[in-house]
Amino acid sequence: MKVAALVGSIRKNSFNRKLTHFMKDRYSDRLDIQIVPINDLAFYDQDIEDEAPASVQRFKAELADVDAFLIVTPEFNHSIPGVLKNALDWLSRGDREMANKATFIAGATMGALGTVRAQMQLRQILNSPGMGANVLPGNEILVGAVQHKMDENGRLTDQQTIDFIDSVVDQFIPFVEDQKEKVRS
């Protein structure tokens, strides 16, 4: 099952990037998670959307045949980062690569609330008519105090967090299959 991962943090040592790599490695026997870079995309501009820059064309082409999406985001000022919003804006136009695709959301923070506000906003964005993504309901992966739950190599070590993420992935896989079946029907 091919899953495109969009990481909302472009910081080199991002906990959200580390969480994505952890998930990519841990679930490699069931999910082919490919991290798709978003940091070099041109700013969305409706004036150029029909003749999008090469970076956008490559980005959209890479996502055209995925089965599902994983979005891992930090929270900046109670919101998602601008770089992630820009990527989603491009995906809401033209071929609308996320439309009818199963999507799940995760986020990590050094604070207590684990990106809860950013994830609420992200769900609203993904539910908009331009996006039309099918977000796994009721399964937010909110990793708070992440600096105490990862080792120096970026691997999660907190068993309760790992067990929870395992349970979300266990629910996500049949959700993806169900969404694919609905599209075929």
Side-chain angles (χ1 to χ4, degrees), residues 2-28 31-45 52-63 66 68-92 97-98 101 103-126 131 133 135-136 139-158 160-162 164-166 168-169 172:
K2 190 173 179 182
V3 179
L6 305 179
V7 182
S9 176
I10 58 175
R11 188 171 66 89
K12 181 180 171 186
N13 290 313
S14 160
F15 284 115
N16 286 280
R17 186 164 305 285
K18 291 175 182 179
L19 176 61
T20 308
H21 280 286
F22 170 83
M23 294 173 73
K24 177 181 172 65
D25 294 342
R26 182 165 180 85
Y27 307 112
S28 63
L31 300 173
D32 177 18
I33 297 175
Q34 297 302 315
I35 301 170
V36 181
I38 61 175
N39 57 312
D40 68 343
L41 295 175
F43 290 121
Y44 173 74
D45 179 348
S55 63
V56 173
Q57 291 178 31
R58 282 190 305 274
F59 171 67
K60 290 170 80 67
E62 194 168 346
L63 301 176
V66 300
F69 286 85
L70 163 62
I71 301 176
V72 185
T73 186
E75 182 174 305
F76 296 165
N77 301 316
H78 297 180
S79 182
I80 64 172
V83 67
L84 178 58
K85 179 65 166 77
N86 184 56
L88 295 174
D89 286 344
W90 278 113
L91 294 175
S92 73
E97 291 78 7
M98 292 188 77
K101 295 278 177 86
T103 303
F104 73 121
I105 301 170
T109 184
M110 293 173 67
L113 294 179
T115 73
V116 68
R117 291 180 185 108
Q119 289 193 34
M120 288 176 11
Q121 183 189 51
L122 186 54
R123 284 179 180 273
Q124 288 179 312
I125 293 166
L126 295 172
M131 296 301 300
V135 181
L136 181 65
N139 287 281
E140 293 99 356
I141 297 173
L142 306 161
V143 183
V146 68
Q147 73 276 21
H148 302 299
K149 297 176 182 177
M150 279 188 178
D151 66 17
E152 62 279 351
N153 297 314
R155 289 186 301 261
L156 278 175
T157 57
D158 182 73
Q160 185 176 3
T161 301
I162 293 168
F164 178 73
I165 295 172
D166 287 349
V168 173
V169 170
F172 185 66

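- I141 approaches Q119 most closely through the heavy-atom pair O-NE2, 3.0 Å.
- Nearest heavy-atom pair across N153 and D151 is N-OD1, 2.8 Å.
- Taking 4.5 Å as the limit, some side-chain heavy atom of P74 sits within range of a side-chain heavy atom of P81.
- The aromatic rings of Y44 and W90 lie perpendicular to each other, with more than 60° between the two planes, well past the 30° mark.
- We find that R155 and D25 are not joined by a salt bridge, their nearest charged nitrogen and carboxylate oxygen being 4.0 Å or further apart.
- Side-chain atoms of D40 never come within 3.5 Å of backbone atoms of S55 as a donor-acceptor pair (strictly under, hydrogens ignored).
- Nearest heavy-atom pair across N16 and A108 is OD1-N, 2.8 Å.
- Once rounded to the nearest 0.5 Å, the distance linking CG of L6 with OG1 of T73 reads 10.0 Å.
- The line from CD of Q34 to CG of L63 is 11.0 Å long, rounded to the nearest 0.5 Å.
- Closest non-hydrogen pair, A87 versus I38, comes out as CB-CG2, 3.8 Å.
- Using a distance-only test at 3.5 Å, with no hydrogens or angles considered, no donor-acceptor pair links the side chain of T115 to the main chain of A118.
- To the nearest 0.5 Å, atom CG of residue L84 and atom CZ of residue F76 are 10.0 Å apart.
- Nearest heavy atom pair, residue M98 against residue T103, reads CE-OG1, 3.7 Å.
- Applying the salt bridge (charged side-chain N to carboxylate O under 4.0 Å, His left out) criterion to K60, with sequence neighbours excluded, gives E97.
- Between the side chain of S92 and the backbone N or O of D89 there is at least one donor-acceptor pair closer than 3.5 Å.
- Note that CG of N39 and CZ of R11 are 14.0 Å apart. Values are rounded to the nearest 0.5 Å.
- A heavy-atom distance below 4.5 Å is not found between the side chains of Q160 and I165.
- Using modelled atom types, no side-chain atom of K149 and backbone atom of V143 make a donor-acceptor pair closer than 3.5 Å.
- Under a 3.5 Å cut-off, the side chain of R17 and the backbone N or O of S9 do form a donor-acceptor pair.
- With a 4.5 Å cut-off on side-chain heavy atoms, F59 and V36 count as touching.
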